[in-house]
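Each remark here refers to the structure printed beneath this line.
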Amino acid sequence: MRIATWNVNSVGARLPRLLDWLETRQPDVAALQETKCADAGFPFAEVEALGYEVMHVGDGRWNGVAILSRVGLTPVADALPGMTEPRYATADCGGLRVTSVYVPNGRAVDDAQYPYKLEWFAALRRTLDELDPAAPQVIMGDFNVARTDADLWDPALFVGSTHVTPAERAAMDALVDWGLTDVVARPGKNDRPYTYWDYRAGRFHQDQGMRIDYVLASAGVAVEDAYVDRDARKGKLPSDHAPVVVDLALVSA
DNA sequence: ATGGCTGTTAGTAACAGA
């Protein structure tokens with residue numbers, strides 16, 4: 001099974017590229033983030049025409065997540081308990097539980113969005129309490145955390161910022177420590193692991209990015225290959241994120 | 001040098017992203 005996660009930064013603005021990407025990469029399951037639309041604005045017909053079932057959670061100009069699957073899709077949850085923004089979707093897809101997450105940015109450590117981000121992580125962690133780490137599961141998306149300084153093109157620029165604080169990194173560790181593997185992609189350009197590059201200042205061209213998009217896989221998943229699809233960040237009108245693509249097999253208990 | 005760009009809804013400006 002091939003799965004992928006991609007922060008598309010508006011599914012409307014990205015539709016031609018999304019459809020081309022689905023046709024050329026052929027993911028069985030794709031988790032999208034930042035669709036930036038309500039259900040009425042989601043291109044269901046175009047995506048379904050490629051053979052995908054779609055679960056979309058969105059309410060307008062910000063946030064929005066989706067799960068696309070051509071191996072079956074049964075929705076499980078469209079929100080974290082107590083969290084109202086459209087940043088979370090879970091579905092069962094061909095024997096694999098798939099969660100698409102768009103973790104709040106946090107903005108600044110002295111902003112109210114920062115404790116909100118940590119609360120959001122805690123709510124995400126609590127969803128695992130009732131689950132079996134041996135069951136096939138992936139939680140993937142834009143986590144807005146660089147787990148280590150190696151995940152930043154210039155760690156000095158992020159001192160005092162969100163995305164790198166011990167609390168945010170501990171929140172990621174708490175997910176991993178429950179029993180999820182941070183799937184490491186094949187080395188990319190210059191062996192750098194980035195999945196996001198700012199639009200400004202030629203950051204992508206200089207490979208000055210961040211690793212903030214992750215695939216977290218349970219022990220019920222055997223990873224066969226993983227890579228960051230940098231080609232999807234090239235050319236005209238790209239998202240500022242690249243997809244992470246993972247080939248895997250389900251491990252029977 | 002904390003900017004540089006791109007998206008949305010708005011209606012030629014504000015806000016958000018990371």
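Given the structure is predicted, the values throughout are model-derived calculations rather than measurements.
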Give one of base, sugar-phosphate or nothing for [X], where a contact means two heavy atoms less than 4.0 Å apart.
X: A/F204; answer: nothing
X: A/R211; answer: nothing
X: A/N7; answer: sugar-phosphate
X: A/R203; answer: base
X: A/N144; answer: sugar-phosphate

Name the closest nucleotide to the [X] side chain, picking from [options].
X: A/R107; options: B/dA16, B/dA18, B/dT9; value: B/dA16
X: A/A201; options: B/dG7, B/dG4, B/dT6; value: B/dG4
X: A/Y196; options: B/dA18, B/dA14, B/dT2; value: B/dA18
X: A/I212; options: B/dA16, B/dA18, B/dT2; value: B/dA18

Indicate yes or no: does [X] engage [Y] in a salt bridge with an N to O separation below 4.0 Å.
X: A/D149; Y: A/R169; result: yes
X: A/D111; Y: A/K117; result: no
X: A/R203; Y: A/D198; result: no

Which whole number of Å gives the distance between the [atom1] atom of [N] and that of [M]?
N: B/dA1; M: B/dA16; atom1: P; value: 28 Å
N: B/dG4; M: B/dA18; atom1: C1'; value: 15 Å
N: B/dA10; M: B/dC15; atom1: C1'; value: 11 Å

[X] side chain near [N] phosphate (N/O to OP1/OP2, under 4.0 Å):
X: A/R14; N: B/dG7; answer: yes
X: A/R61; N: B/dT8; answer: no
X: A/N9; N: B/dG7; answer: no
X: A/Y102; N: B/dA18; answer: yes
X: A/H163; N: B/dG17; answer: no
X: A/T162; N: B/dA18; answer: no

Please state whether the rings of A/W21 and A/W6 are parallel, tilted or perpendicular, taking 30° and 60° as the class boundaries.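 Rings of A/W21 and A/W6: tilted, as their planes differ by 30° to 60°.
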
Over 60° means perpendicular and under 30° means parallel, so classify the ring planes of A/F143 and A/F121, tilted if in between. parallel

Write down the distance between [atom1] ([X]) and [atom2] ([N]), rounded to a whole number of angstrom.
X: A/D142; N: B/dG17; atom1: CG; atom2: P; answer: 10 Å
X: A/L15; N: B/dG7; atom1: CG; atom2: P; answer: 13 Å
X: A/H241; N: B/dT6; atom1: NE2; atom2: C1'; answer: 12 Å
X: A/Q113; N: B/dC15; atom1: CD; atom2: C1'; answer: 12 Å
X: A/W62; N: B/dA18; atom1: CH2; atom2: C1'; answer: 16 Å

Only one of A/E48, A/Q26, A/E53 forms a side chain to side chain donor-acceptor pair (under 3.5 Å) with A/R70, so which one is it?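 The option that passes is A/Q26.
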
DNA chain B: 5'-proximal contact among A/A156 and A/G106 (nearest heavy atom):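 Taking each residue's closest nucleotide, the earlier one in sequence belongs to A/A156.
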
On DNA chain B, does the nearest nucleotide to A/Y199 precede the nearest nucleotide to A/L157 from the 5' side, or the other way round? Give the residue. A/L157

